[in-house]
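Working notes, beginning with the structure itself.
Just so it is clear, the values below take in all heavy atoms, side chains as well, and ignore hydrogens, waters and symmetry mates. All values reported here derive from a predicted model rather than from experimental measurement. If you read the sequence from its start, that first residue is 1, and numbering goes on from there.
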Amino acid sequence: MAKKTNCTVNGKEYFRICRKVGKRLNKKGLWVDNYKNFYGSCKSEAEASYQKYMERKEKGIVSDMCTGELIDEWIESIFKNSSLANGTKYGYIRSYKKHFKKSELAGRMIDDITPLDLQNYYNKLHDDGVGIGTIKQVNNILKHFYKYADLNGISRDITAS
């Protein structure tokens, strides 16, 4: 039996539901409802995705902060105190602040970034003339962050090969 779908993403049919997941501050400083889309191959799978998200949120695993804010917090509290050499740490942080922090990916929610998005971002940096060494530094700090995020249940490690 065919499954009912209501949207197409990258050529694949999905059933999408939009659910209220909490409140957030808008640019004017007012609290507004925060909505998120959930996808599945049918309505029951989309609902299950929503339930899983809400269970993770209740446990404190899902954050309302964007990726850039999470990485900034992680850098200050964890990364700066790591056992890496100071020159290495500050090189990674400098590359992160100069290139990734201002990117479109830094403003997205952590669960919305895919490995393909990250690869496209690296390709764009290369096309813009950023050196391979700098791109590797950005990649290395993101690897450290995503490893931490995976171990703490914040997000899966999309940099693992």
Side-chain angles (χ1 to χ4, degrees), residues 9-10 12 18-40 48-161:
V9 178
N10 295 330
K12 188 171 179 188
C18 185
R19 295 289 186 259
K20 179 179 168 185
V21 293
K23 296 270 190 183
R24 64 177 175 84
L25 281 172
N26 66 8
K27 291 179 181 178
K28 296 178 181 177
L30 302 173
W31 285 100
V32 295
D33 292 336
N34 188 18
Y35 290 92
K36 181 171 173 55
N37 290 323
F38 297 93
Y39 299 90
S49 176
Y50 167 70
Q51 291 300 327
K52 181 179 175 185
Y53 177 87
M54 292 307 286
E55 288 170 5
R56 291 182 69 208
K57 187 172 181 177
E58 287 174 9
K59 292 178 184 176
I61 296 173
V62 176
S63 174
D64 289 336
M65 294 192 300
C66 66
T67 304
E69 292 171 324
L70 285 169
I71 294 174
D72 287 343
E73 187 175 291
W74 169 78
I75 285 173
E76 291 302 318
S77 60
I78 307 292
F79 187 69
K80 283 187 175 179
N81 300 319
S82 70
S83 62
L84 291 173
N86 286 336
T88 302
K89 286 189 280 195
Y90 292 116
Y92 288 176
I93 293 168
R94 184 178 55 248
S95 295
Y96 160 76
K97 286 182 178 179
K98 186 173 181 182
H99 298 286
F100 189 82
K101 188 172 182 173
K102 299 174 187 171
S103 73
E104 178 263 335
L105 291 179
R108 290 171 51 183
M109 300 304 284
I110 194 164
D111 289 337
D112 294 338
I113 299 174
T114 65
L116 182 60
D117 293 332
L118 218 46
Q119 184 61 51
N120 288 335
Y121 170 71
Y122 295 146
N123 294 344
K124 183 181 178 306
L125 282 179
H126 185 264
D127 292 343
D128 291 343
V130 175
I132 297 296
T134 303
I135 295 171
K136 284 182 180 180
Q137 286 182 326
V138 172
N139 182 53
N140 286 338
I141 195 167
L142 291 177
K143 277 185 178 182
H144 285 285
F145 170 72
Y146 273 104
K147 186 175 181 181
Y148 167 82
D150 190 31
L151 291 172
N152 289 285
I154 297 168
S155 173
R156 67 184 176 86
D157 185 358
I158 63 171
T159 63
S161 16

Derivation of the side-chain contact (heavy atoms from CB on, under 4.5 Å) call for F145 and T159: CA-CA 10 Å; F145 170 72; T159 63; over 6 Å; no
Distance (rounded to the nearest 0.5 Å) between N123 CG and I135 CD1: 8.5 Å
Non-hydrogen side-chain atoms of K147 and K143 separated by less than 4.5 Å: no
Any side-chain heavy-atom pair of L105 and T67 under 4.5 Å: no
Any K101 side-chain heavy atom under 4.5 Å of D72 side chain: yes
Heavy-atom closest pair, residues V130 and H99: CG2-CE1, 3.7 Å
Interatomic distance, R156 atom CZ to Y146 atom OH [nearest 0.5 angstrom]: 9.0 Å
Side chain proximity check, K80 to I93, heavy atoms < 4.5 angstrom: yes
Aromatic plane relationship, Y92 with F79 - under 30° parallel, 30 to 60° tilted, over 60° perpendicular: parallel
CD1 on I71 to NE2 on H144, rounded to 0.5 Å: 12.5 Å
Partner residues of D157 under the salt bridge (charged side-chain N to carboxylate O under 4.0 Å, His left out) criterion, sequence neighbours left out: none
Residue pairs involving residues 124-134 (criterion side chain to side chain donor-acceptor pair (under 3.5 Å); sequence neighbours excluded): K124-D128
Under 3.5 Å: donor-acceptor pair, side chain of S95, backbone of V138: no
Residues which pass side chain to side chain donor-acceptor pair (under 3.5 Å) with R19, listed by chain and number, not counting sequence neighbours: E47
N/O donor-acceptor pair under 3.5 Å between N140 side chain and K136 backbone: yes
Any E104 side-chain heavy atom under 4.5 Å of D117 side chain: no
With sequence neighbours excluded, residues passing side chain to side chain donor-acceptor pair (under 3.5 Å) with N120: none
Any side-chain heavy-atom pair of Y148 and I154 under 4.5 Å: yes
Any donor-acceptor N/O pair, K89 side chain to S82 backbone, under 3.5 Å: yes
Set of residues satisfying side chain to side chain donor-acceptor pair (under 3.5 Å) with respect to N81, sequence neighbours excluded: none
For S77, all residues meeting side chain to side chain donor-acceptor pair (under 3.5 Å), sequence neighbours excluded: none
Side-chain touch S49/Y39, heavy atoms, less than 4.5 angstrom: no
Check against ring pair (Phe, Tyr, Trp, His ring centres under 6.0 Å), F100 and Y121: CA-CA 9 Å; F100 189 82; Y121 170 71; 5.5 Å; yes
K97 NZ: over 12 foreign heavy atoms closer than 6.0 Å: no
Whether Y50 and F38 hold their rings parallel, tilted or perpendicular, with breakpoints at 30° and 60°: perpendicular
T114 and I158, any side-chain heavy atoms less than 4.5 Å apart: no
Backbone N/O of C66 and side chain of E69: donor-acceptor pair under 3.5 Å: yes
Exceeds 12 heavy-atom contacts within 6.0 angstrom, atom CD of Q119: yes
